[in-house]
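As the structure lists them, so they are numbered: ligands from 1, and atoms in each ligand from 1.
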Amino acid sequence: MNFQEKDFIRNDKPITPAGRLQLHQEAPSNIALVKYWGKYPVQLPMNPSVSFTLNQSKTITKAKLIPLKKPAPQTDFRFFFNGIHQPDFEPKMADFFQRIEKYAPYINYFHWEIHSQNTFPHSSGIASSASAFAALAKLIIELEKKLFTEKNAELLLAKTSFLARLGSGSASRSVAHPVMIWGEHPEISNTSDLYAVQPEFDLHPAFQNYRDTIVLVEKGQKKVSSTAGHNLMNHHKYKDIRRQSAFDNALKMHQILQTGDIETFIELTEAEALELHALMMTSQPNYLLMMPETIRILHLIRKIRQQSHIPVCFTLDAGANVHILYPQNYQSKLDKTLFNRIESDLIKDHI
Ligand code: DP6
């Protein structure tokens with residue numbers, strides 16, 4: 001089913017809750033294999049992306065809701081991270097609430113006290129806006145389920161992704177497992193720019209026990225935010241080439257995940273990671289997020305793959321950290337050949 005924007009609008013009156021409500025949701029992080037890079041207003045992707053959903057790296061969000069006598073003109077909330085009030089995060093969240101008001105006007109019938117925590121180390125530099133906005137979107141849909149009788153599960157899952165997207169593009173893909181596709185592709189059925197979908201096939205067994213070990217080369221805040229990076233794509237000299245390449249790669253990845261062709265998976269996943277960073281290095285102004293340690297690890301991965309025939313490969317997000325992808329049964333071999341040669345902290349996750 002392909003939903004349109006109007007399907008997500010809510011004009012009917014909610015049920016009046018008897019008293020305070022408590023909501024509790026969690027959402028995982030995800031790692032893109034084919035990257036979302038470049039966007040149009042509002043939060044529409046320049047190209048389709050394909051990701052693996054992670055299992056261990058999550059945001060857990062709880063909210064206490066106090067009903068208001070009349071709806072607030074804008075969402076009335078306070079945000080706490082690890083138990084501490086975080087006024088610095090609130091403007092970005094206020095923008096998000098404003099963007100979703102048309103689709104979830106019922107949020108303004110309450111005062112919200114929102115508490116979040118991550119299962120991965122704070123300021124580890126791994127993308128947390130994806131899991132954070134996906135958890136928040138899930139919380140809002142949990143509320144919608146309580147206040148309305150609408151129970152169309154397919155619509156509500158698409159709407160969760162739709163709302164998450166309005167917080168952070170990659171968050172649209174953090175609402176289901178194990179693979180998500182976001183962005184309309186003429187040759188992949190039911191895809192949409194408005195929300196991410198699960199592919200219409202079962203992931204090939206070759207990928208079902210895949211691991212993602214994240215090397216924290218650089219912890220802390222990113223030097224150039226993803227949003228600034230996306231903006232540089234608007235006038236990028238390789239914009240059209242990139243768009244075409246991402247459409248081709250999304251289709252190829254869609255096939256690989258069905259057929260289990262690990263060799264082509266490795267080739268394509270690494271090509272996408274390097275293409276993302278090549279776009280950063282050729283934008284105006286250009287910038288460089290990989291560090292010497294990033295490059296050392298990329299070479300090491302390729303060397304071990306060649307020498308030991310272990311099907312291990314890398315991908316990168318918009319930072320210096322390396323995501324190392326491999327089938328689970330190679331874990332102990334890699335512990336002895338690769339991970340013992342890395343001094344940075346590791347986060348072990350799986351899809
Ligand atoms: C390189 O989703 O963080 O990780 O929509 O501005 O919040 P905003 O950007 P964001 O961009 C993620 C970029 C990426 C690739 C990807 O996850 O597809």
Side-chain angles (χ1 to χ4, degrees), residues 27-54 57 59 89 91-93 95-96 99-100 124-137 161-175 179-185 191 193-197 212 214 218 221-234 236 242-243 245-247 249-250 253-254 268-281 283 287-290 294 314-323 325 349 351:
S29 190
N30 71 77
I31 180 67
L33 304 168
V34 176
K35 311 290 180 181
Y36 145 55
W37 202 236
K39 60 178 164 181
Y40 305 114
V42 177
Q43 293 288 103
L44 295 168
M46 213 135 91
N47 62 265
S49 54
V50 182
S51 57
F52 275 157
T53 309
L54 300 180
S57 309
T59 298
F89 288 31
K92 199 171 177 205
M93 290 176 70
D95 285 351
F96 167 70
R99 273 186 196 162
I100 67 159
S124 59
I126 82 164
S128 58
S129 65
S131 52
F133 279 106
L136 203 51
S161 173
F162 175 89
L163 297 180
R165 185 199 101 228
L166 292 170
S168 177
S170 53
S172 67
R173 300 186 311 244
S174 270
V175 302
V179 173
M180 293 297 283
I181 308 172
W182 171 41
E184 191 176 340
H185 193 297
T191 46
D193 281 352
L194 300 177
Y195 55 92
V197 295
D212 178 6
I214 308 158
E218 201 169 48
Q221 201 71 24
K222 288 178 197 166
K223 279 197 233 73
V224 181
S225 75
S226 297
T227 301
H230 288 295
N231 288 340
L232 289 171
M233 284 308 291
N234 291 333
H236 200 292
R242 166 58 191 162
R243 256 179 63 85
S245 158
F247 273 80
N249 290 347
M253 189 57 81
H254 184 255
L268 191 61
T269 301
E270 292 193 350
E272 264 292 317
L274 296 178
E275 194 163 309
L276 170 73
H277 282 256
L279 290 164
M280 297 171 189
M281 289 185 234
S283 60
Y287 60 108
L288 181 60
L289 295 181
M290 286 191 275
T294 313
F314 63 79
T315 187
L316 303 161
D317 54 20
N321 297 339
V322 183
H323 288 249
L325 300 172
D349 212 324
I351 69 147

> What part of I31, side chain, backbone, both or neither, has a heavy atom within less than 4.0 angstrom of ligand 1?
Replying inline: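 For I31, no heavy atom sits under 4.0 Å from ligand 1.
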> Does ligand 1 have a heavy atom under 4.0 Å from the side chain of A32, from its backbone, from both, or from neither?
Replying inline: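 Under 4.0 Å from ligand 1, A32 contributes side-chain atoms alone.
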> Do any N/O atoms on Y36 end up under 3.5 angstrom from N/O atoms on ligand 1?
Replying inline: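 Among all N and O atoms of Y36, at least one is under 3.5 Å from an N or O of ligand 1.
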> Do ligand 1 and D317 have nitrogen or oxygen atoms that lie under 3.5 Å from each other?
Replying inline: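 By distance alone, the answer is no.
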>> Side chains of M233 and L279, heavy atoms from C-beta outward: is any pair under 4.5 Å?
In response: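 M233 vs L279: side chains touch.
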Can you list the ligand 1 atoms lying under 4.0 Å from a non-hydrogen atom of [X]?
X    : result
L276 : 1 (C)
S226 : 3 (O), 9 (O), 10 (P), 11 (O)
K39  : 5 (O), 6 (O), 8 (P)
S168 : 2 (O), 3 (O), 5 (O), 7 (O), 8 (P), 10 (P)
S170 : 2 (O), 3 (O), 10 (P), 17 (O)
G169 : 2 (O), 5 (O), 7 (O), 8 (P)

>> So, taking the atom named NE2 in H236 and the one named NE2 in H230, what distance separates them when rounded to the nearest 0.5 Å?
In response: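 So the NE2 of H236 and the NE2 of H230 are separated by 13.0 Å.
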> So is R173 close enough to ligand 1, meaning a heavy atom under 4.0 angstrom away?
Replying inline: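 The answer is yes: ligand 1 sits under 4.0 Å from a heavy atom of R173.
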Donor-acceptor pair, [X] side chain versus [Y] backbone, under 3.5 Å?
X    : Y    : answer
R173 : W182 : no
K39  : T227 : no
S51  : A32  : no

> Residues in salt bridge (Lys or Arg N to Asp or Glu O under 4.0 Å) with R243, at least two apart?
Replying inline: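 Counting only residues at least two positions away or on another chain, R243 forms no salt bridge (Lys or Arg N to Asp or Glu O under 4.0 Å).
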> What residues, two or more places apart in sequence or in another chain, satisfy side chain to side chain contact (heavy atoms under 4.5 Å, CB included) together with L232?
Replying inline: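 Here the qualifying residues are S283, P285, Y287.
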